[in-house]
There are 2 protein chains.
Amino acid sequence: MNDDLPLADGAQARPYLSLRAPQPHYLRIRDQLVTDLARDLLPADSQLPAERELAERFACTRVTLRQALQLLESDGLIYRQNRRGWYVSPPRIRYDPTRISGFMEYVTAQGRTPRTECLQAQRGPAGAWLAKRMGLDHPEQQVFHLQRRRWVDQRPVLLEYNVLVAEWCPELLGQDLSTSLTQLLRERFGHVQSRSALLMHPETLDEKQAAQLQASPGSNGFYLERLSFGEQGQPVEFDREFWRPDALAVVLETQGAPL
Amino acid sequence: MNDDLPLADGAQARPYLSLRAPQPHYLRIRDQLVTDLARDLLPADSQLPAERELAERFACTRVTLRQALQLLESDGLIYRQNRRGWYVSPPRIRYDPTRISGFMEYVTAQGRTPRTECLQAQRGPAGAWLAKRMGLDHPEQQVFHLQRRRWVDQRPVLLEYNVLVAEWCPELLGQDLSTSLTQLLRERFGHVQSRSALLMHPETLDEKQAAQLQASPGSNGFYLERLSFGEQGQPVEFDREFWRPDALAVVLETQGAPL
DNA sequence: AAGTGGTCTAGACCACTTG
DNA sequence: AAGTGGTCTAGACCACTTC
């Protein structure tokens, strides 16, 4: 037989099949990328080389390379900016949703730079869905709808939708909503939520949300919602937060709740 | 020009380009699948048709189809069993990690059938890493290492690693560890944790974990860890939980923590 | 204008599950 | 034994960002 025949059959040309470990190629590429990232000590938010360059380096197609990159993305080691490329993830922001402390405060406390951008603020009726969800008396009850985007170190990490009962915090729209809402409620209205119910789970961002977070359509996200009650136990605020999943670690301390 | 020329160029042959909506094809397939799933009222845990069949139905390749399926997977609507196929996700288990209530109890309370399988149970020194992580006095301190797999309705949803200070619950290995550890500690040892610190975030399952949960390598997971303290404030237990991300919704109630 | 990531095709082989 | 999902190749075009 002619040894010089080109490897027409892909099977023998696949490098990973000749190696001892029976791992898929994209897992080996991921591991290599992890060690490369660690060795080069790439700073947070720095950009990775182009996909075509990486694919050439690992002798694979872009499809396979992207499979490896998506693993690192799910693990929170790198993130994507839509159509811009891949970047090294900074450490997760540690967020305790049970604490009466606003985004601006706990991000600053971790040595990072927070920014809040108010995308929308309006007053209107709650509507049937929200009234039921919040446990309001009637759907015509007036509420404020806020939509805000929050940044950490030049990167959008969170979309936040707040619904606040209007009579609980009148004149809210005259305030500066690009600051801490927690602080505003405390200092302007003297309010401290006495109780809240939280729910959170992973899910995908919808297309609009992904665009607003400069993420790719269909990106993973982390969803957190909070229903807060006022001093008399009445529902006063309903929040929904959509996070970049690599940007966040939820932490909390429990005081031994007796049965 | 000859109108009968075959469409050699893929551009004009791609169906999604001729549609009004500028959405990528895989997003349209996802939407179609969502409505199909809703219309057919497929029961939880039932299997979807084969990928090749779905790809033919949507006139796309398997690559594109799988992109759509992976979106539904991230959203928690369907899940995968490695090499077996795609299945409809049942409702998420609601889990309050601040409550003193075990897996067996809260799964049952939600009308589902829990099962706990003890994969490993041994006694040994904590080791340097764990001792530091738990705040133990010295790394030689004896602890129990448990590794358990938990099921809901015939499906493995959770891997749990428990580390318990041995002197806090002696003779633990003589007990039935395929039941509720919470209950065991309470009834056998009279223990109720007085305080705990939690941390959670999305990440990927490693290969062994994925295999144990019958998931595909590199699947998304949800990580939750808990460091619990005993009656005198001493560290007594360190848990790490790796969940199938579609199986879980974390819920909790906060009593207005004053500053 | 050049280059990038996003999307897609049309195949292929293999390991594994199912019957 | 047949069929499935898991993995991979070698291209391609487009929309968008960057320069």
Side-chain angles (χ1 to χ4, degrees), chain A residues 6-19 21-30 47-56 58-73 78-87 205 207 210-211 214-219, chain B residues 6-19 21-30 47-56 58-73 78-87 205 207 210-211 214-219:
Chain A
L7 291 171
D9 182 0
Q12 296 185 48
R14 286 177 204 159
Y16 73 94
L17 284 183
S18 61
L19 293 167
Q23 289 192 22
H25 201 178
Y26 72 89
L27 288 180
R28 296 177 41 75
I29 294 173
R30 175 198 59 177
Q47 189 168 9
L48 270 61
E51 290 183 1
R52 285 170 176 82
E53 184 185 330
L54 289 172
E56 190 180 12
F58 293 113
C60 67
T61 60
R62 277 179 66 211
V63 176
T64 302
L65 175 78
R66 282 166 66 88
Q67 213 175 341
L69 290 172
Q70 279 156 18
L71 279 189
L72 295 175
E73 184 185 30
I78 62 177
Y79 65 94
R80 231 191 301 195
Q81 295 213 64
N82 195 28
R83 293 195 170 277
R84 264 180 271 259
W86 300 86
Y87 299 81
L205 304 170
E207 297 156 67
Q214 299 174 1
S216 305
S219 289
Chain B
L7 291 172
D9 181 359
Q12 298 185 48
R14 285 179 204 157
Y16 74 94
L17 284 182
S18 61
L19 294 167
Q23 288 193 20
H25 201 178
Y26 72 91
L27 288 180
R28 298 176 39 75
I29 293 171
R30 175 199 58 179
Q47 189 169 8
L48 270 63
E51 290 183 2
R52 286 171 176 83
E53 183 185 331
L54 289 172
E56 190 181 12
F58 293 113
C60 67
T61 61
R62 277 179 65 210
V63 175
T64 302
L65 174 78
R66 283 166 65 86
Q67 213 175 343
L69 290 172
Q70 279 155 20
L71 280 189
L72 295 176
E73 184 185 28
I78 62 177
Y79 65 94
R80 230 191 302 195
Q81 295 213 65
N82 194 29
R83 294 196 169 278
R84 264 179 272 258
W86 300 87
Y87 298 81
L205 305 170
E207 297 155 67
Q214 299 174 0
S216 304
S219 289

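What you see is a predicted model, and the numbers here were worked out from it, not measured in a lab. Each chain gets a letter, A, B and so on, in the order its sequence line appears, and its residues count up from 1.
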Please round to the nearest 0.5 Å and tell me the distance separating atom [atom1] of [X] and atom [atom2] of [Y].
X	Y	atom1	atom2	value
Trp86(B)	Arg66(B)	CH2	CZ	6.0 Å
Glu53(A)	Leu65(A)	CD	CG	10.5 Å
Leu71(B)	Leu27(B)	CG	CG	6.0 Å
Arg28(A)	Thr64(A)	CZ	OG1	13.0 Å

Nearest whole Å is fine: how far is [N] [atom2] from [X] [atom1]?
X	N	atom1	atom2	answer
Gln70(A)	dT7(D)	CD	P	12 Å
Gln214(A)	dT17(D)	CD	C1'	12 Å
Gln67(B)	dG6(D)	CD	P	15 Å
Gln23(A)	dA15(C)	CD	P	15 Å
Gln47(B)	dT4(D)	CD	C1'	9 Å
Leu65(A)	dG6(C)	CG	P	11 Å
Arg80(B)	dT7(D)	CZ	P	8 Å
Ile29(A)	dC8(D)	CD1	P	7 Å

OP1 or OP2 of [N] sitting under 4.0 Å from any side-chain N/O of [X]?
X	N	value
Tyr26(A)	dC8(D)	no
Ser216(A)	dG6(C)	yes
Thr64(A)	dT9(D)	yes
Asn82(B)	dG6(D)	yes

(message) If you assign each of Arg83(A) and Arg62(B) to its closest nucleotide in DNA chain D, which residue comes earlier from the 5' end?
(response) Arg62(B)

(message) If you assign each of Gly85(B) and Arg84(A) to its closest nucleotide in DNA chain D, which residue comes earlier from the 5' end?
(response) Gly85(B)

(request) Could you tell me whether the side chain of Arg52(B) has a donor or acceptor atom within less than 3.5 Å of a complementary atom in the base of dG5(D)? (result) yes

(request) Using only heavy-atom distances, decide whether a donor-acceptor pair under 3.5 angstrom links the side-chain of Arg66(A) to the base of dG5(C). (result) no

(message) Checking Arg84(A) now: which residues fulfil side-chain contact (heavy atoms from CB on, under 4.5 Å) with it, not counting sequence neighbours?
(response) Gln81(A), Tyr87(A), Gln214(A)

(request) For residues Gln70(B) and Arg80(B), determine if any side-chain heavy atom of one lies less than 4.5 Å from a side-chain heavy atom of the other. (result) yes

(message) If a pair means Watson-Crick or G-U wobble with both distances below 3.5 Å, what does DNA chain C look like in dot-bracket form, with | marking bases paired to a different strand?
(response) ||||||||||||||||||.

(message) Glu56(A): which residues meet the salt bridge (Lys or Arg N to Asp or Glu O under 4.0 Å) condition with it, sequence neighbours left out?
(response) none

(message) Taking the minimum atom-to-atom distance to the side chain of Glu51(B), which one of dT7(C), dC8(D), dG6(D) wins?
(response) dG6(D)

